[in-house]
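First the proteins, then the strands, lettered A, B, ... as listed; each starts at 1.
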Number of protein chains: 2
Amino acid sequence: MPYRRPPSVQARLDARRDRVLEAAVHLLSREGYGGCSVAAIAAEAGISTGSVYQSFSGKSELAAALFRTLVARELEAVAAATERPGGAAQRVAAAVETFAYRALQAPRRAFALLAEPADPAVDAERLLFRRAFRDVYAGQIAAGVACGELPAQSPELTAAALVGAIAEALVGPLADGDAAPGDVIPGLIAFTLRALGGHDAADA
Amino acid sequence: MPYRRPPSVQARLDARRDRVLEAAVHLLSREGYGGCSVAAIAAEAGISTGSVYQSFSGKSELAAALFRTLVARELEAVAAATERPGGAAQRVAAAVETFAYRALQAPRRAFALLAEPADPAVDAERLLFRRAFRDVYAGQIAAGVACGELPAQSPELTAAALVGAIAEALVGPLADGDAAPGDVIPGLIAFTLRALGGHDAADA
DNA sequence: GTCTATATTAAGATAGAC
DNA sequence: GTCTATCTTAATATAGAC
């Protein structure tokens, strides 16, 4: 019969795990992954390095969990944006706008998540999450193609290309720090609508 | 008066530097950056680890030089492709086709250069070279906008987005290993033409 | 459970023989 | 100039006290 921690104990452990992650979020937002050593995160959380290992098996797991925590929120926000009323193109455009707007609100953090050199475990997560974003877009694009709103195309290819396009178009402004949503977002949406090929792309 | 090596000696050093880089290219093509430790590169080149430091100040410089050596060729090929006759859209499409075709000819290596987790120095080079590719595309796009072939848009934004789009669309096929140029390239070109917004995009 | 202080380790880098 | 063998180091990860 396997041992299980009493619920109260488990709750404490979970709470500390969350506190460590929250500290890591703050550190990441200020200094990027470059500032996220185990020691620095422990200090930010107000605990010792040893205690970090109560919640995480090691640095790689922590870095990956940090990434997942933050990017899962973005994925959720993007997925929610695709549920607005409108055609496939409008829904994808809403998703792109949501993603870009949120990134530009926290440029240092967004740059860290999107492009900053980091632990290989983080790079692996990046590949996984880019696939997840792709799948969200691909679903909308497939529907648009099926109903004739969009021209024939591979939804997966277009969706993957859009994920890469949005990320790369944001990296420059995010890295510069002079991130002005008003300048970048309309251009990104126009690009997206053209790339999707909806008949009204030229009007946007 | 500064000391200078005799030309014959300098030539020997240059030759060995090239041999080390060539060995690194082979290793990268087989095993990616994961296999490119200093020790492994030295073994592949048939020299000792210590001798590597005659040509390179350290691992980061070697990894970055390796990246630059290979990607500079790709940049050159892409730039050459934009000099073909035709409108801006045709030239950009030719560049995209060139880039994708060459990547799919050496999928393991292309994946390593495009997306594989690697030394931070390599990530820094990735950012620089993506800018360089962007600039090549941006020049063509700006010309297309100026002459009215393409609709109004920010050449830098469209160019950056295309760089990201092409890379991300290739990552999946390259990682899977089942890279069939015939499947991916036409879709990529169609995406590119739509994204540029040329009037004939729908025909392609 | 939490801390301090220490051990590990894995790679990169170097010194000195030849 | 080149090699072997060693050293460094910068973290991470752990052991054991409290």
Can you list the residues that meet the salt bridge (Lys or Arg N to Asp or Glu O under 4.0 Å) rule with [X], with sequence neighbours excluded?
X	result
B/E97	none
A/E83	none
B/R12	none
B/R30	B/E44

Taking the side chain as every heavy atom from C-beta outward, state whether [X] and [Y] have any pair of such atoms under 4.5 Å apart.
X	Y	answer
A/R109	A/V25	yes
B/L127	B/R131	no
B/L150	B/T158	no
A/L104	A/L170	yes
A/F133	A/I166	no

Examine the side chains of A/Q153 and B/R194 and answer whether a donor and an acceptor come within less than 3.5 Å of each other. yes

ring-ring contact (aromatic ring centres under 6.0 Å, His included) partners of A/Y137, counting only residues at least two apart: none

Identify the 5'-most and 3'-most nucleotides of DNA chain D with at least one atom closer than 4.0 Å to a non-hydrogen atom of chain A. D/dT12 to D/dT14

For the helix from C/dG1-D/dC18 to C/dC18-D/dG1, what angle separates the axis at the start from the axis at the finish, each from five pairs, in steps of 10°? 20°

Using the side chain to side chain donor-acceptor pair (under 3.5 Å) criterion, which residues pair with A/R126? Sequence neighbours excluded. A/D123

Non-neighbouring partners of B/R102 that pass side chain to side chain donor-acceptor pair (under 3.5 Å), sequence neighbours left out: B/E74

Pairs under 3.5 Å (N/O, protein and nucleotides 5-9 of chain C):
none

Please work out which residues in residues 20-48 of chain B have a non-hydrogen atom less than 4.0 Å from an atom of DNA chain D and list them by number. B/G46, B/I47, B/S48

Which residues in residues 51-71 of chain B have a heavy atom closer than 4.0 Å to any atom of DNA chain C? B/Y53, B/G58, B/K59

salt_bridge(A/R17, A/E61) N-O dist < 4.0 Å: yes

I'd like to know whether B/F67 forms a ring pair (Phe, Tyr, Trp, His ring centres under 6.0 Å) with B/F129, so could you lay out the CA-CA distance, the side-chain angles of the two residues, the decisive distance to 0.1 Å, and finally the verdict. CA-CA 10 Å; B/F67 183 92; B/F129 267 91; 5.7 Å; yes

